[in-house]
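The block underneath contains the structure these notes are about, expressed in structure tokens.
Note that the coordinates shown come from a computational prediction; the quantities given were computed from them, not determined experimentally. Lettering of chains follows the sequences in order, A, B, ..., and the numbering in each one begins at 1.
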Amino acid sequence: MSEYDQVMKLALERGFYFPSCEIYSDALAGFWDYGPLGQRMKNKFIDLWRRELIRRDGMWEIDGSQVMSKKVFIASGHLGNFTDPIIKCTKCNSTFRADRYVSEKLGEYIPERASNDEIDAVIRKNSLTCPKCDGDFGRTTRFNMMFKVEVGPSADEAYLRPETCQTIFVDFSRIFKVMRGKLPIGIAQIGKSFRNEIAPRQSLLRLREFYQAEIEIFCNPDKLDEVPMYDEVKSTKLNIHEDVSSHEITAQEALGKGLLPNQLIAYYLALLSQFYSKTGIDMKRTRFRKLSETEKAFYATVAFDFEVETSLGWLELVACNYRSDYDLSGHMATSKENLEVVDPSTQAKVLPHVFELSMGIDRSLYAILEHSYYEDYKHDDRIVLRLKPYLAPITVGVLPLMNKDGIGIKGREVYAAIRKDFDVYSDESGSIGRRYRRLEEIGVPFAITIDKTTMVDETVTIRNRDTMEQERIKISEIKNVLEKAINPYE
RNA sequence: GCGACGGUCGUCCAGUUUGGUCUAGGACAUCAGAUUGCCAAUCUGGUAACCCGGGUUCAAAUCCCGGCCGUCGCACCA
């Protein structure tokens with residue numbers, strides 16, 4: 001069984017995540033629900049993101065609407081020119097990218113922006129037919145990955161956002177004013193995005209409705225090498241992928257060698273790398289890969305993907321795109337609002353450029369689970385999810401060794417004393433070994449056991465999930481010990 | 001979206017070839033009780049499933065058709 005299958009099984013069995021609407025037969029692919037444990041873990045992941053990126057860098061976080069007006073996507077380029085031309089065989093219903101198929105077949109370049117009529121004309125002129133069944137093609141249509149929604153009784157056309165960042169772009173002007181902004185300014189958002197994938201697959205890895213954590217850095221394009229906090233992170237090690245191999249190099253060296261174009265990008269890639277190193281992902285199995293011209297999204301001028309190696313191959317977790325002024329100039333032209341701001345040092349008006357860190361939360365959580373999954377063959381093949389204590393959905397289990405001589409009651413007292421401060425799980429049933437195994441499997445880093453000695457001297461044992469070692473501490477110390485243990489800087 | 005293969009308790013599997021004895025069985029997990037008392041112990045009992053819809057038939061988990069889902073390949077992932 002592959003590691004993907006093992007994680008999938010654990011997720012289903014223990015309720016980290018599972019298919020949405022699963023009791024109905026018309027449930028659709030590409031929609032998944034987080035169960036109690038997955039939701040907790042996601043919240044803690046987001047807490048860490050806020051701590052290591054948002055607060056550290058002094059960014060602002062917003063929360064925007066998921067339904068956005070049509071003009072937003074005219075301006076952003078998601079509607080109009082950037083839909084894929086599709087042809088369908090009338091006989092076998094196979095679907096093809098019209099421009100690519102025609103180009104390949106005829107050996108002549110057909111621009112993606114060719115109109116439907118132009119493509120149809122080429123197909124008719126050359127009598128092109130379906131490569132599978134030789135059937136005739138229907139007319140060229142446009143496939144767009146966005147979900148269209150009809151709003152109100154007049155069914156006004158709107159869309160579910162395909163990336164959260166458009167909210168940030170359209171809100172930029174107000175945020176900059178009311179927060180007394182100065183460039184560079186980071187604006188971030190966590191939320192749902194929606195893409196109508198043709199073939200969603202592999203649970204959390206290709207969803208139709210998914211979480212993004214996006215950071216948009218608005219900057220003066222003339223000052224990309226003047227980043228005040230750059231010195232703090234310049235010796236951070238980054239795995240940079242060149243040609244066919246990756247190697248570890250400091251941000252400073254990468255900048256010096258021209259692998260990274262400027263200080264601003266070096267700074268944020270370093271921050272991102274520091275963040276992920278705290279998630280429990282094995283950083284030796286990660287890389288920053290610069291995308292080629294053909295791989296980049298339409299809005300990006302320079303793009304690096306932060307990728308992680310999993311049992312399914314390399315997986316993109318974060319798209320780091322230099323979007324230049326593509327978005328703001330688009331919204332400026334479409335909305336007729338002036339989105340320029342004044343740079344106080346020069347008193348000149350500038351239309352900010354944008355560098356973004358667009359993180360897939362669901363994929364990140366999957367990668368953390370897979371990299372944390374461990375089968376301990378030295379101890380009964382126990383399954384251990386070696387999550388960082390501050391990401392574990394449950395921090396500590398409280399386990400009375402037996403339920404007599406007042407030990408069970410004492411256990412409930414200990415539980416009650418710490419339940420408001422930590423995510424605590426109380427378990428009184430089954431053998432102690434079985435209870436330890438249950439906790440390890442869902443990544444609970446600590447287990448407190450109440451035994452006969454507790455009744456004499458008010459001490460308990462606290463057991464470490466990974467080492468299986470126990471330490472005896474006073475009940476009054478539990479809170480301090482746990483607080484120290486779940487500190488991300490510990 | 002196309003093609004191939006598949007879908008049975010929470011999980012894994014038996015049963016489908018050759019329709020009936022399946023009132024659907026097992027293992028693990030789970031719950032209750034007993035026993036034990038620091039690393040998945042034992043015993044007893046319980047909960048729990050044929051993906052959905054239609055068809056064929058005296059009779060469908062089993063055969064046929066459609067849908068949905070899953071895996072893989074192609075395409076797609078702006």
Within the structure, does a side-chain N or O atom of Ser431(A) lie under 4.0 Å from either OP1 or OP2 of rA41(B)? yes
Gln202(A) side chain near rC72(B) phosphate (N/O to OP1/OP2, under 4.0 Å): yes
Could you please name the option among rA40(B), rU30(B), rC76(B) that lies closest to any side-chain atom of Ile198(A)? rC76(B)
When the distance from CG of Leu12(A) to C1' of rC12(B) is rounded to whole Å, what number comes out? 13 Å
Could you please name the option among rC31(B), rA78(B), rC39(B) that lies closest to any side-chain atom of Arg463(A)? rC39(B)
When you measure from the side-chain N and O atoms of Arg437(A) to the phosphate of rA29(B), is any distance below 4.0 Å, counting only OP1 and OP2? no
At less than 4.0 Å, is any side-chain N or O atom of Arg195(A) found next to OP1 or OP2 of rC77(B)? Yes or no. no
Checking rC51(B), rU30(B), rC76(B) against the side chain of Arg206(A) (C-beta onward), the nearest is rC76(B)
Which label fits Phe218(A) and Phe172(A): parallel for a plane angle under 30°, tilted from 30 to 60°, or perpendicular past 60°? parallel
Taking rC38(B), rC77(B), rG1(B) as options, the one with an atom nearest any side-chain atom of Glu197(A) is rC77(B)
Is it true that the NZ or CZ of Lys192(A) lies under 6.0 Å from the centre of Phe210(A)'s six-membered ring and within 45 degrees of the ring axis? no
Comparing Glu295(A) with Gly430(A), nearest RNA chain B nucleotide closer to 5' gives the residue Gly430(A)
Lys/Arg N to Asp/Glu carboxylate O, Arg287(A) vs Asp305(A), below 4.0 Å: no
Can you identify which nucleotide, out of rU11(B), rU30(B), rC39(B), has its nearest atom closest to the Met468(A) side chain? rC39(B)
The side chain of Met145(A) is closest to which nucleotide in this list: rG1(B), rC39(B), rC77(B)? rC77(B)
Run the salt bridge (charged side-chain N to carboxylate O under 4.0 Å, His left out) test on Arg472(A) and Asp451(A) for me, step by step, so that the C-alpha distance in whole Å, both residues' side-chain angles and the decisive distance to 0.1 Å come before the verdict. CA-CA 11 Å; Arg472(A) 190 162 278 279; Asp451(A) 57 16; 2.5 Å; yes
Kindly indicate whether the side chain of Arg382(A) and the base of rC39(B) share any N or O donor-acceptor pair separated by less than 3.5 Å? no
Cationic N near anionic O, under 4.0 Å, Arg465(A) to Asp376(A): no
Taking the side chain of Arg438(A) as heavy atoms from C-beta outward, which of rC39(B), rU30(B), rC31(B) is closest to it? rU30(B)
As a test of reading the structure: which of rA75(B), rC38(B), rA78(B) is closest to the side chain of Phe298(A), going by heavy atoms? rA78(B)
In terms of side-chain geometry, is the basic nitrogen of Glu428(A) or Arg412(A) positioned less than 4.0 Å from the acidic oxygen of its partner? yes
Does the base of rC38(B) carry an N or O that pairs as donor and acceptor with the side chain of Gln470(A) under 3.5 Å? yes
Dot-bracket line, read 5' to 3' along RNA chain B, where crossing pairs take [ ] and | marks a partner on another strand, Watson-Crick or G-U under 3.5 Å: (((((((..((((......[....)))).(((((.......)))))....(((((..]....))))))))))))....
Ranking rC77(B), rC38(B), rG10(B) by distance to the side chain of Glu13(A), first place goes to rG10(B)
Taking the nucleotide of RNA chain B with the nearest heavy atom to each, does Asp380(A) or Lys452(A) sit closer to the 5' end? Lys452(A)
Strictly below 4.0 Å, N to O, side chains only: are Glu293(A) and Lys296(A) in salt-bridge contact? yes
Counting heavy atoms from C-beta on, name the nucleotide in rC31(B), rC77(B), rC72(B) closest to the side chain of Arg201(A). rC72(B)
